[in-house]
Amino acid sequence: MKGQITLIGAGPGEPELLSVKAVRKLQQADAVFYDRLINQDLLNYCSEKCELIDVGKKPKHHKVPQSEIENLIIAKAKEGKRVVRLKSGDPYVFGRGGEEGKRIIENDLIFEVIPGITSAIGGLAYAGIPITHRDFASSFHVITGHLKSENNQLDWEVLAKTEGTLVFLMGMSELETITTELMAHNKSKETPVAIVRWATRKEQKTVTGTLETICEVAEKAQMTSPSLIVMGDVVTQRDYLNFYETRPLFGKRVVIPHTEKKNMYHHLIDAGASVLELSKLTKKENETRLSLEGINKLVFLDSDSVTYFISKLMENGQDIRQLEHVDFVTIGHHTELAVKKLGILPKERFDLLSDYKELNTQIETTLYIGEQSYIRQLIKENKAIKIWSPFSFENKPFEESQLEEADYFFLPSSKAAYYFLNNLSDTQKELLKMKKIIVMGAITAKVFEAESISVIQSEQPTFNSVLTKLIEEEM
Ligand code: SAH
């Protein structure tokens with residue numbers, strides 16, 4: 001099969017600003033090459049098997065040369081892989097997309113481009129600046145501020161006379177030259193100017209001034225690259241259109257567990273937060289023998305363990321009718337439902353294993369069914385219990401930097417809380433104590449209390465109530 005390379009415009013950073021087609025191609029990709037300006041959260045769209053290759057930096061902070069990047073991409077595609085080259089904004093706006101595309105085609109590979117939202121337009125929108133406006137600007141011009149490396153120097157005279165909105169990309173190191181030259185060529189010193197750093201990201205920051213004052217303003221505010229420099233009367237519209245920076249959770253990073261429905265994810269994004277979904281738990285099945293000899297009580301930890309138990313029983317040529325003298329105990333609401341679905345009324349239901357009074361008695365005749373580490377963590381003091389553990393969960397380690405940059409953690413259930421904590425090192429747990437953790441119920445709170453970590457509990461067990469609590473915390 002002929003290799004294929006898709007050049008994708010990733011947009012300015014916010015993960016939902018990707019096109020539908022770009023998301024599909026990322027999901028299908030075998031390898032993704034990305035660079036410095038790419039928001040790493042976008043890589044969560046990729047499948048687990050996908051190879052992620054950072055070409056933004058070499059060790060010691062050197063950039064990988066363009067020709068080397070092209071060689072790497074082409075070599076990967078020639079292996080017959082579906083390769084994505086992820087570029088910030090739009091690939092054809094100062095993104096070298098044209099050069100890469102030509103080389104790909106010369107190498108007889110299948111090539112396509114998926115346009116992206118350029119920071120020059122979308123980034124400004126998130127700062128409340130419309131790039132055109134009937135009353136203020138009827139054209140716009142996107143200009144590279146990377147003056148030294150360009151063959152053609154900018155024609156300052158023409159630029160100074162241009163009526164439309166001017167947007168400079170890669171211009172921060174040349175801000176002084178740009179403003180001085182424009183003023184020297186008679187562009188009004190009063191022209192409104194804004195600088196937008198890390199647009200659409202939690203680090204977004206906008207400062208405004210005039211052509212005359214902006215250098216000083218930018219220096220005071222320590223504005224750095226990557227930033228957009230925008231000049232023109234449209235900048236004044238920010239007073240009305242600044243929707244993003246005024247959102248209640250703007251600038252906050254919230255960590256939540258992975259879910260297919262993305263309910264809470266969407267609530268948080270809409271409130272302006274930046275959201276990190278924990279990686280999906282992967283289930284691994286364990287080949288273990290099930291022996292019910294001498295057992296008269298089964299304690300089910302979750303609904304999965306109920307399903308596994310029944311299929312194992314059948315595999316052994318038995319069914320529940322043979323368990324006439326066995327009591328069923330369930331931990332939690334969902335487990336209870338799963339047992340009831342089998343037509344069995346559980347003898348008792350507990351909300352936490354540690355609430356289960358008989359933990360230290362009847363050890364010989366009780367079988368606990370569920371994930372090993374989950375059970376062990378719940379009953380620390382009692383090592384001699386019998387466990388049947390047909391599956392285990394694995395998750396990717398949580399990185400220290402991810403913990404450091406988070407402001408809030410939201411764990412919606414005791415199970416999510418257990419697996420989250422189970423995956424953390426002791427140092428990470430210490431770090432976690434300095435963060436704010438939101439939970440919906442007293443049972444989840446207990447899981448954290450057991451590790452001496454304090455939490456904030458929402459008034460009600462609903463996403464809206466959690467959101468209200470988060471916003472209150474910010475006020
Ligand atoms: N292809 C990209 C531009 C690449 S050039 C696009 O269409 O947006 C890199 C420059 O783009 C940076 O130096 C900065 O000026 C600008 N830029 C890209 N993303 C940005 C962001 N999120 N916030 C502010 N500026 C950004």
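For the numbers below, each heavy atom of this structure counts, side chains included, while hydrogens, waters and symmetry mates do not. Counting starts at 1 for both ligands and their atoms, following the listed order. Here the structure is a predicted model, which is why all the values come from computation and not from measurement.
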Report yes or no: do D304 and T307 form a side-chain donor-acceptor pair below 3.5 Å?
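Per modelled atom types, D304 and T307 side chains form no pair under 3.5 Å.
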Should we count CD of E203 as having more than 12 external heavy atoms under 6.0 Å?
yes
Is it the case that over 12 heavy atoms from other parts of the model lie below 6.0 angstrom from the NZ atom of K205?
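Yes, NZ of K205 has more than 12 neighbouring heavy atoms, counting only those of other groups under 6.0 Å.
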From E100, R103, E99, residue fulfilling side-chain hydrogen bond (donor to acceptor under 3.5 Å, both in side chains) relative to Q66
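Exactly one option meets the side-chain hydrogen bond (donor to acceptor under 3.5 Å, both in side chains) with Q66, and it is E100.
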side-chain hydrogen bond (donor to acceptor under 3.5 Å, both in side chains) partner of Y408, chosen from E473, K252, K435, E474
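The passing option is E474.
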Protein heavy-atom partner closest to [atom] - residue, atom, separation in Å:
{"atom": "atom 2 (C) of ligand 1", "value": "S88 O, 3.3 Å"}
{"atom": "atom 17 (N) of ligand 1", "value": "S119 OG, 3.3 Å"}
{"atom": "atom 5 (S) of ligand 1", "value": "F94 O, 3.6 Å"}
{"atom": "atom 23 (N) of ligand 1", "value": "A199 N, 2.8 Å"}
{"atom": "atom 10 (C) of ligand 1", "value": "M170 CG, 3.6 Å"}
{"atom": "atom 14 (C) of ligand 1", "value": "S227 O, 3.5 Å"}

Going by the atom numbers of ligand 1, which of them fall below 4.0 Å from some non-hydrogen atom of [X]?
{"X": "L37", "result": "9 (C), 18 (C)"}
{"X": "W198", "result": "22 (N), 23 (N), 24 (C)"}
{"X": "V93", "result": "1 (N), 2 (C), 3 (C), 4 (C), 7 (O)"}
{"X": "P12", "result": "22 (N)"}
{"X": "V196", "result": "24 (C)"}

Check: T246 side chain, N242 main-chain N or O, donor-acceptor pair, under 3.5 Å:
yes
Any heavy-atom pair between the side chains of [Y] and [X] that's under 4.5 Å?
{"X": "P192", "Y": "D233", "value": "yes"}
{"X": "V439", "Y": "V447", "value": "no"}
{"X": "V255", "Y": "L278", "value": "yes"}
{"X": "Q40", "Y": "Y34", "value": "yes"}

N/O separation below 3.5 Å, T118 to ligand 1
yes
Look only at interatomic distance and state if P91 has a nitrogen or oxygen under 3.5 Å from any nitrogen or oxygen of ligand 1.
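For ligand 1, there is no N or O atom that lies under 3.5 Å from one belonging to P91.
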Can you tell me which portion of T200 lies within the under-4.0 Å heavy-atom range of ligand 1? Options are side chain, backbone, both, or neither.
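No part of T200 is near ligand 1 at this cut-off.
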Looking at ligand 1, would D90 count as a contact under a 4.0 Å heavy-atom criterion?
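It does, in that a heavy atom of D90 comes within the 4.0 Å cut-off of ligand 1.
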